[in-house]
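Worksheet: one structure, shown below.
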Amino acid sequence: MSYLDPADAVTVHRAADPPDIAGPSSVRFVAPGSVTAGRYGLFEYRMTPSSPGPGPHVHRTFSESFYVLSGELSIYDGERWGRFGPGDFAHVADSGVHAFRNDADVETAFLILFAPGIARERFFLELAEIRETGRELSEQEWMEFYARHDQVNL
């Protein structure tokens with residue numbers, strides 16, 4: 001039996017590592033699909049108090065799950081909003097309508113699991129670049145951006 005080279009077998013991210021996207025809200029690419037051979041992607045998201053998140057949308061090619069670490073996360077399930085606290089988990093199947101936001105007056109931290117592990121970090125990096133540079137996109141350019149990242153906004 002052969003084994004992976006130890007340098008290829010274990011990837012480590014420490015809690016003290018800086019976020020991949022910093023700002024009032026931040027995202028750490030704990031285990032992007034490039035590290036997991038496309039099996040899943042795991043991100044840690046820290047959202048500032050009273051922050052809107054994405055509106056209702058679907059992804060056709062991957063599921064998305066949320067696990068709350070601290071604070072409170074509001075998640076829309078296609079019909080109603082629910083509040084989730086530490087230890088709560090929500091799974092959204094591919095093509096499931098969902099949205100999320102922080103309605104609380106404290107920061108919320110949560111994990112997002114994408115399966116399979118598509119290169120979702122490209123979505124977050126490109127969105128951060130658009131915001132940081134103040135670039136204005138036309139309605140057509142926004143549609144192309146979301147289509148490129150398998151996000152259909154409703």
Side-chain angles (χ1 to χ4, degrees), residues 12-36 40-154:
V12 176
H13 287 270
R14 299 283 185 183
D17 292 346
D20 294 283
I21 298 174
S25 291
S26 64
V27 181
R28 285 187 37 204
F29 306 143
V30 177
S34 60
V35 169
T36 66
Y40 64 90
L42 181 66
F43 295 0
E44 177 186 358
Y45 201 125
R46 293 188 173 272
M47 188 177 257
T48 57
S50 304
S51 291
H57 62 280
V58 299
H59 309 290
R60 299 194 193 289
T61 62
F62 62 93
S63 67
E64 196 168 9
S65 297
F66 301 86
Y67 182 81
V68 180
L69 300 169
S70 64
E72 185 176 88
L73 183 66
S74 295
I75 299 175
Y76 180 69
D77 68 5
E79 293 181 359
R80 65 193 153 283
W81 286 93
R83 290 187 166 207
F84 293 78
D88 289 342
F89 172 84
H91 173 75
V92 181
D94 50 322
S95 296
V97 176
H98 64 289
F100 62 92
R101 64 188 185 208
N102 182 0
D103 291 327
D105 59 1
V106 296
E107 177 185 81
T108 185
F110 55 99
L111 299 175
I112 304 176
L113 178 74
F114 305 99
I118 48 87
R120 193 65 176 157
E121 61 275 15
R122 291 181 191 154
F123 170 83
F124 287 96
L125 289 168
E126 190 173 345
L127 190 58
E129 183 271 332
I130 291 167
R131 289 184 178 148
E132 288 170 7
T133 62
R135 186 165 47 120
E136 298 284 332
L137 273 62
S138 68
E139 186 174 328
Q140 180 64 33
E141 289 171 319
W142 277 116
M143 287 175 52
E144 291 168 2
F145 167 78
Y146 287 117
R148 200 168 43 252
H149 297 290
D150 183 18
Q151 182 159 318
V152 179
N153 295 322
L154 304 174

Any donor-acceptor pair under 3.5 Å from Ser51 side chain to Met47 backbone: no
Parallel, tilted or perpendicular, judged at 30° and 60°: which one describes the rings of Trp142 and Phe145? perpendicular
Smallest heavy-atom separation, Ala99 atom then Pro56 atom, equals CB-N, 3.6 Å
Do Ile75 and Trp81 come close enough that some side-chain heavy atom pair is under 4.5 Å? no
Please round to the nearest 0.5 Å and tell me the distance separating atom CD of Glu72 and atom CZ of Arg101. 11.0 Å
Quick check for you: to the nearest 0.5 Å, what is the distance between Tyr45 atom OH and Asn102 atom CG? 10.0 Å
So, Ser74 and Asp103: side-chain donor and acceptor under 3.5 Å apart, yes or no? yes
Does CZ in Arg148 sit with more than 12 non-hydrogen atoms of other residues, nucleotides or ligands closer than 6.0 Å? yes
Any side-chain heavy-atom pair from His98 and His57 closer than 4.5 angstrom? yes
side-chain hydrogen bond (donor to acceptor under 3.5 Å, both in side chains) involving Ser138 - partner list, sequence neighbours excluded: Glu141
Find out whether Val152 and Tyr146 are in side-chain contact, i.e. whether some heavy atom of one side chain is under 4.5 Å from a heavy atom of the other. no
Kindly compute the distance separating CD (Glu139) from CE (Met143), expressed to the nearest 0.5 Å. 7.0 Å
Atom OH of residue position Tyr40 - does it have more than 12 heavy atoms of other residues, nucleotides or ligands inside 6.0 Å? no
Looking at Glu44 and Arg46, is there a salt bridge between them, counting it only when a charged N and a carboxylate O are closer than 4.0 Å? yes
Step by step, would you call Phe43 with Val30 a side-chain contact (heavy atoms from CB on, under 4.5 Å)? CA-CA 5 Å; Phe43 295 0; Val30 177; 5.9 Å; no
Student check: side-chain heavy atoms of Asp88 and Tyr67 closer than 4.5 Å: no
Counting N and O atoms only, with roles assigned by atom type, does the side chain of Asp150 sit under 3.5 Å from a partner on the main chain of Arg60, one being a donor and the other an acceptor? yes
Donor-acceptor pairs under 3.5 Å, side chain of residues 18-27 to any protein atom, not counting sequence neighbours: which ones?
unit_1, atom_1, unit_2, atom_2, d
Asp20, OD2, Phe29, N, 2.6
Ser25, OG, Thr48, N, 3.2

Kindly state whether the ring of Phe84 and the ring of Phe100 have centres lying under 6.0 angstrom apart. no
For the backbone of Phe89 and the side chain of His91, can you confirm whether one donor and one acceptor N or O come within less than 3.5 Å of each other? no
Side-chain heavy atoms of Thr108 within contact of Val68, under 4.5 Å: yes
With the side chain counted from C-beta on, respond yes when Val58 and Leu154 share a heavy-atom pair under 4.5 Å apart, and no when they do not. yes
Do any side-chain atoms of residues 111-125 form donor-acceptor pairs under 3.5 angstrom with protein atoms, and if so which ones, sequence neighbours left out?
unit_1, atom_1, unit_2, atom_2, d
Arg120, NH1, His149, O, 2.8
Arg120, NH2, Gln151, OE1, 2.6

Aromatic rings Phe62 and His59: how do their planes relate, parallel, tilted or perpendicular, breaks at 30° and 60°? parallel
